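Comments concern the structure below.
All heavy atoms count here, side chains included; hydrogens, waters and symmetry mates do not. What you see is a predicted model; the values in this text were computed from it and never measured.
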Amino acid sequence: MEYTVKKLASLAGVSTRTLRYYDEIGILKPARINSSGYRIYGQNEVDKLQQIMFYRELGLELATIKEIIMSGDFDEKAALREHRMRLLEEKYKIELLINNVEKTLAHKEGKIGMNDKEKFEGFKDKLLEENEEKFGEEIRERYGKDVVEKSNERFKNMTQEEFNKLNELASQIKFYLGQAMNHRDPSSDLAQKAAELHKEWITMSWGTYDKEAHANLAQMYVDDERFKAYYDDEKEGVAELLRDAIFIYTGRRNK
């Protein structure tokens with residue numbers, strides 16, 4: 001398919017003035033000029049315009065976009081994967097905001113209580129107690145008493161901002177794993193994003209990071225039914241996907 005300025009502008013939902021400006025600054029040149037003097041755009045130009053519009057939606061300036069797409073090593077597929085990742089992150093943020101609004105509305109309607117102690121400190125204490133009951137013995141056997149005690153102390157002393165960040169990371173991990181389950185490929189961008197976020201989560205929780213410990217923890221998520229149930233609560237196989245993704249992330253071979 002070939003398009004005139006007017007037809008391409010209509011197809012893309014931009015103005016003809018915008019396309020002419022893109023031509024002037026060299027970011028999107030027409031494929032050719034016909035005998036009547038009209039700009040004619042082909043498939044390559046359509047694809048390039050799509051990329052430009054993706055980057056514009058992400059807030060990039062035209063000068064930056066031009067530098068990216070005119071680069072000799074510009075990879076269109078890699079760019080599309082990056083766009084998808086950024087859009088999924090925005091989707092997560094919106095869903096998180098919706099959830100917060102719903103909880104706040106329930107509080108305003110008198111359905112739930114949300115004083116500061118209950119929202120923060122009380123929840124931390126309750127969470128620690130629940131974790132101790134469920135996993136205390138197991139994690140002490142695997143990682144030692146000192147490591148667990150230091151982790152618990154670190155958790156108790158977290159600021160509200162740090163605590164919120166920890167919870168946000170946990171939600172993001174499950175979000176990306178849910179998306180990655182569509183293909184079940186632990187090497188995919190989505191699965192590796194989940195592994196990277198999981199690294200951030202345990203680093204915040206433990207105060208340090210070790211690849212071997214990370215991989216061991218991932219294996220425990222599969223071996224221990226209690227941990228496995230947490231990740232497989234909505235769909236079976238999520239814990240194994242996370243384990244395999246972390247193995248790739250840390251360089252551990254899957255046995």
Side-chain angles (χ1 to χ4, degrees), residues 1-98 165 168-169 171-200 241-242 244-246 248-251:
M1 287 287 293
E2 289 190 328
Y3 302 89
T4 62
V5 168
K6 185 176 181 180
K7 287 183 178 179
L8 182 56
S10 176
L11 177 69
V14 299
S15 68
T16 57
R17 182 179 179 181
T18 294
L19 292 182
R20 291 191 179 97
Y21 178 65
Y22 286 174
D23 184 5
E24 289 174 14
I25 65 175
I27 194 172
L28 182 66
K29 291 285 187 181
R32 62 186 177 87
I33 306 294
N34 69 10
S35 58
S36 300
Y38 289 106
R39 295 174 174 87
I40 302 298
Y41 297 86
Q43 191 60 56
N44 287 338
E45 289 70 42
V46 170
D47 292 345
K48 184 175 287 188
L49 177 58
Q50 182 192 40
Q51 287 288 354
I52 292 169
M53 293 178 68
F54 275 140
Y55 281 119
R56 290 294 282 167
E57 285 295 318
L58 294 174
L60 273 66
E61 298 292 334
L62 283 173
T64 303
I65 298 172
K66 181 180 178 181
E67 185 178 340
I68 293 171
I69 65 176
M70 295 297 183
S71 171
D73 59 357
F74 176 70
D75 186 333
E76 186 176 355
K77 290 182 180 179
L80 288 170
R81 286 193 288 269
E82 180 186 355
H83 295 324
R84 179 183 62 183
M85 190 70 71
R86 295 282 292 274
L87 290 169
L88 285 170
E89 288 174 353
E90 289 301 313
K91 178 183 176 183
Y92 166 76
K93 290 177 183 178
I94 291 171
E95 289 180 344
L96 189 62
L97 285 173
I98 291 172
K165 175 64 175 177
E168 182 180 342
L169 283 170
S171 297
Q172 285 181 315
I173 291 165
K174 296 195 79 172
F175 172 79
Y176 281 107
L177 285 173
Q179 297 292 320
M181 280 296 288
N182 292 328
H183 302 289
R184 295 176 182 254
D185 178 5
S187 66
S188 69
D189 292 342
L190 293 168
Q192 287 302 297
K193 179 67 174 180
E196 179 185 358
L197 290 169
H198 194 269
K199 173 190 174 181
E200 290 185 42
L241 178 64
L242 177 59
D244 294 344
I246 290 173
I248 293 172
Y249 187 83
T250 60

>> Does E82 form a side chain to side chain contact (heavy atoms under 4.5 Å, CB included) with L58? I'd like the steps, not just the answer.
In response: CA-CA 11 Å; E82 180 186 355; L58 294 174; 5.6 Å; no
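- In this pair, H83 and Y55 present their aromatic rings perpendicular. The plane angle is above 60°, beyond the 30 to 60° band.
- Shown here for R56 and I65, the closest heavy-atom pair between the two residues is CD-CD1, 3.5 Å.
- When all heavy atoms of A12 and L49 are compared, the pair lying nearest together is CB-CD2, 3.6 Å.
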>> Applying side chain to side chain contact (heavy atoms under 4.5 Å, CB included) to I68 and L60, what does each step give before you reach the verdict?
In response: CA-CA 10 Å; I68 293 171; L60 273 66; 3.6 Å; yes
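- Within the 4.5 Å cutoff, no side-chain heavy atoms of E61 are placed close to those of E67.
- Looking at every heavy atom in both residues, L62 comes nearest to Y21 through CD1-CE2, 3.8 Å.
- Between the CD atom of E168 and the CD1 atom of I173 there is a distance of 11.0 Å, given to the nearest 0.5 Å.
- Residues I40 and I33 have side chains not in contact (no heavy-atom distance under 4.5 Å, counting atoms from C-beta outward).
- Considering all non-hydrogen atoms of both residues, L19 and A9 come closest at CD1-N, 3.6 Å.
- Put simply, the side chain of L80 reaches to within 4.5 Å of the side chain of Q51, judged on heavy atoms.
- Residues D185 and S187 approach most closely at OD1-OG, 2.7 Å, considering heavy atoms.
- At least one side-chain heavy atom of M53 sits under 4.5 Å from a side-chain heavy atom of V14.
- Note that the CD1 atom of I27 and the CE atom of M70 stand 6.5 Å from one another [nearest 0.5 Å].
- Side-chain N or O atoms of E45 include one that pairs as donor or acceptor with a backbone N or O of G42 at under 3.5 Å.
- In this structure, CD on Q50 lies 7.5 Å from CD on E76, to the nearest 0.5 angstrom.
- Remark: K29 NZ is packed, more than 12 non-hydrogen atoms of other residues, nucleotides or ligands lying under 6.0 Å away.
- Between Y249 and H198 there is no side-chain heavy-atom pair separated by less than 4.5 Å.
- With respect to D23, the salt bridge (charged side-chain N to carboxylate O under 4.0 Å, His left out) criterion is satisfied by exactly one of K48, R39, R17: R39.
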>> Could you walk me through whether L190 and L88 satisfy the side chain to side chain contact (heavy atoms under 4.5 Å, CB included) test, starting with their C-alpha distance in whole Å, then the side-chain angles of each, then the deciding distance to 0.1 Å, before giving a yes or no?
In response: CA-CA 9 Å; L190 293 168; L88 285 170; 3.2 Å; yes
> Should K91 and F175 be marked as a side chain to side chain contact (heavy atoms under 4.5 Å, CB included) after you check the CA-CA gap, both sets of side-chain angles, and the distance that decides it?
Replying inline: CA-CA 10 Å; K91 178 183 176 183; F175 172 79; 4.1 Å; yes
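- Looking at Q43 and D47, their side chains do bring a donor and an acceptor atom within 3.5 Å of each other.
- The residues R86 and E57 are annotated as not salt-bridged, no charged nitrogen and carboxylate oxygen being separated by less than 4.0 angstrom.
- Looking at Q179 and K193, their side chains never come closer than 4.5 Å, going by heavy atoms from C-beta outward.
- Atom OH in Y38 sits 11.5 Å away from atom NZ in K7 (nearest 0.5 Å).
- For the residue pair L241 and A180, the shortest heavy atom distance occurs at CD2-CB, 3.8 Å.
- Atom CD of E196 and atom OH of Y176 lie 9.5 Å apart (nearest 0.5 Å).
- In this structure, Q172 contributes its side chain and A194 its backbone to no donor-acceptor pair below 3.5 Å.
- One finds the CG atom of N34 at 9.0 Å from the OG1 atom of T4 (value rounded to the nearest 0.5 Å).
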